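Keep in mind that what you see is a predicted model, and the values were worked out from it rather than measured. First listed ligand is number 1; within each ligand, the first listed atom is number 1.
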Amino acid sequence: MEDVLDRFLRYVKIDTQSEENGLHPSTGKQFVLARLLTEELKAMGADQVYLDEEFCYVYAVIPSNLPEGTAAPAVGFLAHMDTSPAVSGAEVKPRVVRFTGEDVDLGGDGKYILSMRDFPFMKSLIGEELVVTDGSTLLGADDKAGVAEIMAMAETLLTDPSLEHGEVCIAFTPDEEVGGGVKYFDLEHFGADFGYTVDGGFLGGMEYENFNAASASVTVTGRSTHTGAAKNTMRNAVLMAMEFQSMLPQAEAPMYTEGYEGFYHLDSISGDVEKCTMNYIIRDHDREKFQARKDRFTAIGKYLNEKYGGPLFETKVWDTYYNMKEIILPHMEIVDRVKEAMEDLEIDPVVTPIRGGTDGAMLSHMGLPCPNLCTGGCSCHSRYEFASVPHMRQIVKLLVKVLEKHVS
Ligand SMILES: [Zn+2]
């Protein structure tokens with residue numbers, strides 16, 4: 001049996017960074033890890049191992065070993081192979097350090113310091129082994145910790161037939177970080193009754209609520225004239241765009257909100273006197289409040305068009321994903337089984353609403369209820385990303401335990 005740490009160290013060294021380019025997969029290099037996982041799954045004796053050569057999904061099955069008279073649903077586990085475009089994922093040089101509570105100088109040159117001052121939750125990790133970066137890249141625990149844990153779970157099940165489980169469906173997906181992760185995912189081929197993405201953070205974390213999400217834009221048409229003769233003739237599109245922004249509730253921005261508080265986020269602005277475009281994202285956990293936010297965005301455009309006497313503000317709003325909660329609620333047993341498994345392993349369950357989306361949110365709305373489980377990785381998308389070795393080992397046990405809990 002290979003330790004989950006060794007798997008993890010092997011996988012993070014493979015560059016699988018995805019890109020915002022509309023292609024599927026967005027980068028060919030994700031196939032390198034996909035091929036390796038395919039080979040490893042075959043070698044450990046998994047069934048129906050299949051690599052989708054077009055869209056870069058890896059599927060596998062571990063058949064049920066239940067005796068007659070016992071039953072279990074087909075449980076899916078998913079993790080994504082790509083890493084965030086935010087920080088380089090090339091030539092990751094993971095290091096294992098024992099965390100003493102002192103600062104960790106990642107590169108040895110004082111430039112990037114992993115410190116409890118910046119990450120106060122690290123206090124609970126004193127004495128543990130952590131995998132850290134050398135400061136030049138992200139680590140890729142998001143989500144190769146999830147990949148390694150699912151692989152280690154698979155090997156555990158295949159090596160120890162005394163562990164009873166129903167059918168286990170495994171999948172590794174590309175491009176989660178650029179929002180295209182499950183666009184071509186074949187739910188029927190996957191075959192699970194429900195799933196878990198293993199793509200969260202701290203040990204004990206579990207999520208089954210996420211934002212409802214929309215993107216929005218407003219394009220303002222102005223009129224340029226000589227500044228010396230501009231009075232009552234110029235329409236400065238940049239100033240009018242600022243007026244639009246000023247009419248949104250100013251405290252409802254990401255930098256002022258947390259928990260279940262939704263927001264409007266002005267993501268970019270570009271333009272000049274003649275034309276100015278602002279791009280937004282709109283988020284709220286609550287479906288009604290989400291709708292109210294979108295309505296307000298459109299209403300401001302309408303109001304300003306009336307004020308200026310013409311269609312100068314063009315607003316567009318389109319939904320991108322929805323809260324998985326409404327899909328999970330009728331199936332709360334899939335959350336409860338995880339809580340029970342955690343309690344058996346003396347892990348404190350911490351259920352929080354995600355302030356973002358996951359592949360699981362989209363899968364849930366495609367018909368596969370799919371909460372998200374912890375990986376033991378922290379501070380993702382960053383040079384300060386790290387993973388706790390004991391947490392990763394606990395999570396492998398947790399996945400096995402979750403399967404046990406589903407047997408009835
Ligand atoms: Zn992730």
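- Looking at D319 and K294, their side chains come closer than 4.5 Å, going by heavy atoms from C-beta outward.
- Residue D199: an N/O/S atom is found under 2.8 Å from the Zn ion (ligand 1).
- Under the 4.0 Å criterion applied to side-chain N and carboxylate O atoms, K93 and D134 are assigned as salt-bridge partners.
- F211 pairs with exactly one of F290, F263, Y260, Y321 by the ring-ring contact (aromatic ring centres under 6.0 Å, His included) rule, that one being F263.
- In summary, H80 places an N/O/S atom under 2.8 Å from the Zn ion (ligand 1), meeting the contact criterion.
- Ring-plane geometry between F119 and F386 is classed as perpendicular, the angle between the planes exceeding 60 degrees on a 0 to 90 degree scale with a lower cut at 30.
- The Zn ion (ligand 1) sits nearest to atom OD1 when only the N, O or S atoms of D142 are considered.
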